[in-house]
Protein chains: 2
Amino acid sequence: MPDQVLDDISHRRFNPLTGAWLLVSPHRTKRPWQGQQEAPSKNVLPEYDPKCYLCPGNQRAQGDSNPQYDNTFAFVNDYSAVKEQQQEYKPEAAKDDVASLLLQAQPVTGRCYVLTFSPKHDITLADMTAAEILPVIQTWTRIYGSHLAPSHPLKAQAEKALASIPANPDGEVDPPKDQLRYMQIFENKGAAMGCSNPHPHCQVWTTSALPEEPGKELAQMTKYRTENGRHLLQDYAKLEADKGERVVWQNAGFLVVCPWWAVWPFEVLVIAKRHVRALVDLTDEERLQFAEAVQEVTRRYDNLFETNFPYSSGIHQAPLDCTEEEAETSWFHMHFYPPLLRSATVRKFLVGYELLAEPQRDITPEQAAARLRDCGGQLYRKLLK
Amino acid sequence: MPDQVLDDISHRRFNPLTGAWLLVSPHRTKRPWQGQQEAPSKNVLPEYDPKCYLCPGNQRAQGDSNPQYDNTFAFVNDYSAVKEQQQEYKPEAAKDDVASLLLQAQPVTGRCYVLTFSPKHDITLADMTAAEILPVIQTWTRIYGSHLAPSHPLKAQAEKALASIPANPDGEVDPPKDQLRYMQIFENKGAAMGCSNPHPHCQVWTTSALPEEPGKELAQMTKYRTENGRHLLQDYAKLEADKGERVVWQNAGFLVVCPWWAVWPFEVLVIAKRHVRALVDLTDEERLQFAEAVQEVTRRYDNLFETNFPYSSGIHQAPLDCTEEEAETSWFHMHFYPPLLRSATVRKFLVGYELLAEPQRDITPEQAAARLRDCGGQLYRKLLK
Ligand SMILES: [Zn+2]
Ligand SMILES: [Zn+2]
């Protein structure tokens with residue numbers, strides 16, 4: 001394999017999804033390291049925490065009480081980053097003065113939800129079976145489907161999906177009156193990711209604007225499709241499945257890889273193998289396959305350093321309000337960005353050169369994938385005590 | 001002021017230097033906060049640490065010993081992210097197959113330096129006077145100037161600058177044989193920024209490639225200049241000096257602002273007021289003015305939460321090897337990216353929505369600038385005990 005030289009030399013790799021380069025320094029993994037060896041971390045949390053604002057029956061900051069929910073529970077964030085109603089803003093300046101060029105602002109409205117994964121305070125996706133994760137995928141699908149624009153190209157798909165998923169009143173949220181542009185589902189897990197509440201949950205931010213990252217991806221995927229007549233992630237999933245060296249795991253519906261352009265040490269991309277444009281395109285069978293993929297990633301993460309592995313993860317899919325062309329170009333995938341590098345306490349910082357110049361990594365994605373392939377056994381915590 | 005509505009509503013702001021938007025949620029600063037009140041942190045470090053690999057006279061990992069230096073000391077990083085010599089890499093694939101589109105790599109060579117700011121282990125830029133910081137600016141200038149390409153448009157400027165700066169053999173480094181493209185000077189300060197050694201120092205990474213961030217800025221500045229016939233940062237500095245609300249401090253040569261598009265809570269941009277293309281363009285007087293600006297920023301940072309304020313900072317200027325056009329378009333400036341939000345221990349995390357969608361902030365740059373304007377007094381540590 002002629003690319004083997006990349007195991008030894010400094011090089012840049014290109015991320016075709018964002019159009020940006022990163023610096024890879026594989027020789028630095030050879031520097032001396034007083035590796036900390038920590039004992040495997042155990043679960044010391046209670047199954048119910050009376051002070052947790054996400055546990056069933058508890059009261060939240062603004063006075064509302066949580067129901068005694070069975071699997072998932074969704075509610076509007078008491079301190080949302082965006083609001084549905086606010087004062088109007090129209091920039092005063094004319095189009096051609098310096099202020100209108102250099103002090104550009106645009107108003108954003110929207111709504112933010114919090115969504116729990118389980119009534120149990122002390123578990124994580126890694127502790128749950130695929131069957132237990134399935135209600136999470138179902139709730140994501142219902143929330144996404146119910147927020148689609150009336151004229152959305154996937155509207156019929158959404159109605160079909162919603163009809164096939166068992167109702168869960170605790171996981172339902174009515175969409176706001178004004179149609180929004182994008183829904184970002186994401187999870188912050190662990191104190192290292194700024195998350196102070198261990199109760200398993202994610203956030204769902206819906207906004208009137210298409211955010212930067214999915215916007216960049218959509219532009220790059222559109223460009224690739226125009227130039228090559230195929231889908232970028234379709235080509236990429238096929239290529240990686242053939243090469244094998246960056247594949248962590250796969251089933252019939254999904255491929256899990258450490259992408260060629262990974263920035264975080266154990267960054268992972270979950271890619272739909274067929275053209276799934278959004279959650280509502282998934283069949284019953286595929287929702288379970290996706291739950292399996294999420295289970296495999298999170299369990300392997302925990303097994304890697306025998307710790308509750310922190311990460312940020314999130315789903316990219318078709319916007320809530322979009323053209324036929326945008327929907328067709330979208331390709332369902334999920335990113336996992338975990339900071340740990342060598343142990344439960346040794347993390348990578350994206351600082352200095354990363355902020356001022358460009359992202360840099362030492363361990364290669366091929367090395368990371370090999371490590372993650374090798375830790376697929378039972379969740380380490382279940383073998384303790 | 002009609003923009004005042006932006007103090008209350010969610011909006012996006014545009015960063016013309018990178019071409020990217022960020023989300024601002026000022027109403028969230030009103031959410032309840034059990035503000036930690038920590039005691040002002042004192043300096044508990046020794047002036048000399050026998051175990052520090054940067055202190056004068058000490059031995060480094062690979063056996064070299066540091067000289068008994070007087071102000072700055074520069075050496076090649078024992079574990080550089082890039083190397084001068086390595087195996088060749090030529091991608092095998094033809095230009096039109098999928099692998100050559102989606103698995104793109106390019107080799108990078110270069111050299112990384114470490115540069116100390118002082119022989120004293122226990123001080124920071126905030127503790128140093130502008131006159132004490134001046135040798136740091138001078139060393140940066142000499143290193144940058146000595147690494148310029150022979151045909152560089154600033155070569156004559158560099159020779160003039162180097163002739164006017166007193167020699168400091170401990171701060172000298174000979175450039176590598178092969179001409180490099182870009183020099184990134186940056187400092188990581190504090191454990192929050194992944195820096196484990198408190199000895200005041202920065203890093204200087206030189207590479208054969210132009211990294212992403214300065215590359216994006218150069219492209220955006222070129223576009224602005226083509227469209228408007230003026231320099232982006234010239235217009236911006238003038239505009240901010242007129243408006244005043246985001247200005248932290250200024251002298252004859254430099255403007256310090258919390259930029260309109262700041263991502264980090266107390267992010268600061270130091271902009272040259274006249275057209276300075278790189279360090280070697282600075283006059284003797286301007287080098288001292290720049291040292292003053294760096295002093296003002298770092299002292300105000302420490303005063304803000306009465307702590308040793310962590311940050312990553314770095315200089316953007318003309319590439320080491322560039323066209324006349326690229327040199328002319330460059331505009332000398334320095335970024336400070338600090339993570340602290342509310343106290344010495346409450347920081348902002350760039351995770352979740354920031355990684356998956358787009359950067360988000362609560363406190364506005366105008367509020368941040370007002371806070372920083374107000375803490376310009378003597379360094380808090382000097383008033384303790
Ligand atoms: Zn709980
Ligand atoms: Zn030291």
Side-chain angles (χ1 to χ4, degrees), chain A residues 2 5-6 8-14 16 20-21 23 25 27-28 31-32 61 79 81-83 86-87 89 92 98-99 101-109 184 186 188 193-194 203 205 209 211-214 228 235-236 239 260 312 314 335 337 349-353 355-358 360, chain B residues 2 5-6 8-14 16 20-21 23 25 27-28 31-32 61 79 81-83 86-87 89 92 98-99 101-109 184 186 188 193-194 203 205 209 211-214 228 235-236 239 260 312 314 335 337 349-353 355-358 360:
Chain A
V5 63
L6 295 183
D8 295 311
I9 69 164
S10 295
H11 60 281
R12 300 170 95 202
R13 296 191 185 195
F14 182 69
W21 292 84
L23 180 61
S25 312
H27 64 278
R28 292 228 293 186
R31 60 182 167 168
Y79 305 104
V82 282
K83 297 186 294 185
Q86 60 185 15
Q87 292 176 71
Y89 169 69
E92 50 162 345
V98 171
L101 286 173
L102 298 178
L103 306 181
Q104 288 184 53
Q106 57 180 221
V108 180
T109 56
Q184 182 60 59
F186 67 97
N188 281 328
M193 298 317 262
Q203 301 190 56
W205 290 17
E212 275 293 321
E213 287 300 309
N228 303 287
D235 277 3
Y236 183 63
L239 181 66
W260 172 260
S312 285
H335 298 274
Y337 300 127
F349 289 84
L350 278 192
V351 296
Y353 196 76
L355 293 177
L356 274 310
E358 75 187 22
Q360 186 269 335
Chain B
V5 64
L6 296 182
D8 296 311
I9 70 165
S10 294
H11 61 280
R12 300 170 95 202
R13 295 191 185 194
F14 183 69
W21 292 84
L23 180 60
S25 312
H27 64 280
R28 293 230 291 187
R31 61 182 168 169
Y79 304 104
V82 283
K83 297 187 295 186
Q86 60 185 17
Q87 291 176 73
Y89 169 69
E92 49 161 350
V98 171
L101 285 173
L102 297 179
L103 305 181
Q104 288 184 54
Q106 59 179 221
V108 180
T109 56
Q184 182 60 58
F186 67 97
N188 281 328
M193 298 318 263
Q203 302 191 56
W205 289 18
E212 275 292 322
E213 287 300 309
N228 302 287
D235 276 4
Y236 183 64
L239 181 65
W260 172 259
S312 284
H335 298 275
Y337 300 126
F349 288 85
L350 278 192
V351 296
Y353 196 77
L355 293 177
L356 274 309
E358 73 186 24
Q360 186 268 336

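A note on names: the letters A, B, ... follow the listed sequences, proteins ahead of strands, and every chain is numbered from 1.
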Side chain / backbone / both / neither for Leu239(A) at chain B, heavy atoms under 4.5 Å: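 For Leu239(A), the contact with chain B is made by the side chain alone.
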Non-hydrogen atoms of chain B under 4.5 Å away: do they reach the side chain of Gln87(A), the backbone, both or neither?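 Answer is both: backbone and side chain atoms of Gln87(A) are under 4.5 Å from chain B.
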Tell me, do [X] and [Y] make a side-chain contact under 4.5 Å, heavy atoms counted?
X: Asp235(B); Y: Leu101(A); value: no
X: Tyr236(B); Y: Val98(A); value: no
X: Leu350(B); Y: Leu350(A); value: no
X: Gln106(A); Y: Phe14(B); value: no

What closest approach, in Å, do [X] and [Y] show between heavy atoms, and which atom pair accounts for it?
X: Lys83(B); Y: Asp8(A); answer: NZ-O, 4.2 Å
X: Ala81(B); Y: Gln360(A); answer: CB-NE2, 4.0 Å
X: Tyr353(B); Y: Pro211(A); answer: OH-CG, 3.5 Å

Taking the side chain from Trp21(A) and the backbone from Glu212(B), do they hold a donor-acceptor pair closer than 3.5 Å?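 Judged by distance alone, no pair lies under 3.5 Å.
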Exam field: side chain Gln86(B) to backbone Ser10(A), donor-acceptor pair closer than 3.5 Å: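 At least one qualifying donor-acceptor pair exists.
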Distance, nearest 0.5 Å, that separates CD of Gln203(B) from CG of Leu356(A):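 Gln203(B) CD to Leu356(A) CG: 11.0 Å, rounded to 0.5 Å.
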Which distance, rounded to the nearest 0.5 Å, do you find between the CG of Leu102(B) and the CH2 of Trp260(A)?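 Reported to 0.5 Å precision, the distance equals 10.5 Å.
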Tell me, out of Glu358(B), Gln104(B), His335(B), who's got the most heavy-atom pairs with chain A below 4.5 Å.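 Heavy-atom pair counts peak at Gln104(B).
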If we define contacts as heavy-atom pairs under 4.5 Å, which of [options] has the most with chain B?
options: Pro214(A), Ala105(A), Pro16(A); answer: Ala105(A)
options: Arg12(A), His11(A), Glu213(A); answer: Arg12(A)
options: Ala357(A), Ala209(A), Pro107(A); answer: Ala357(A)

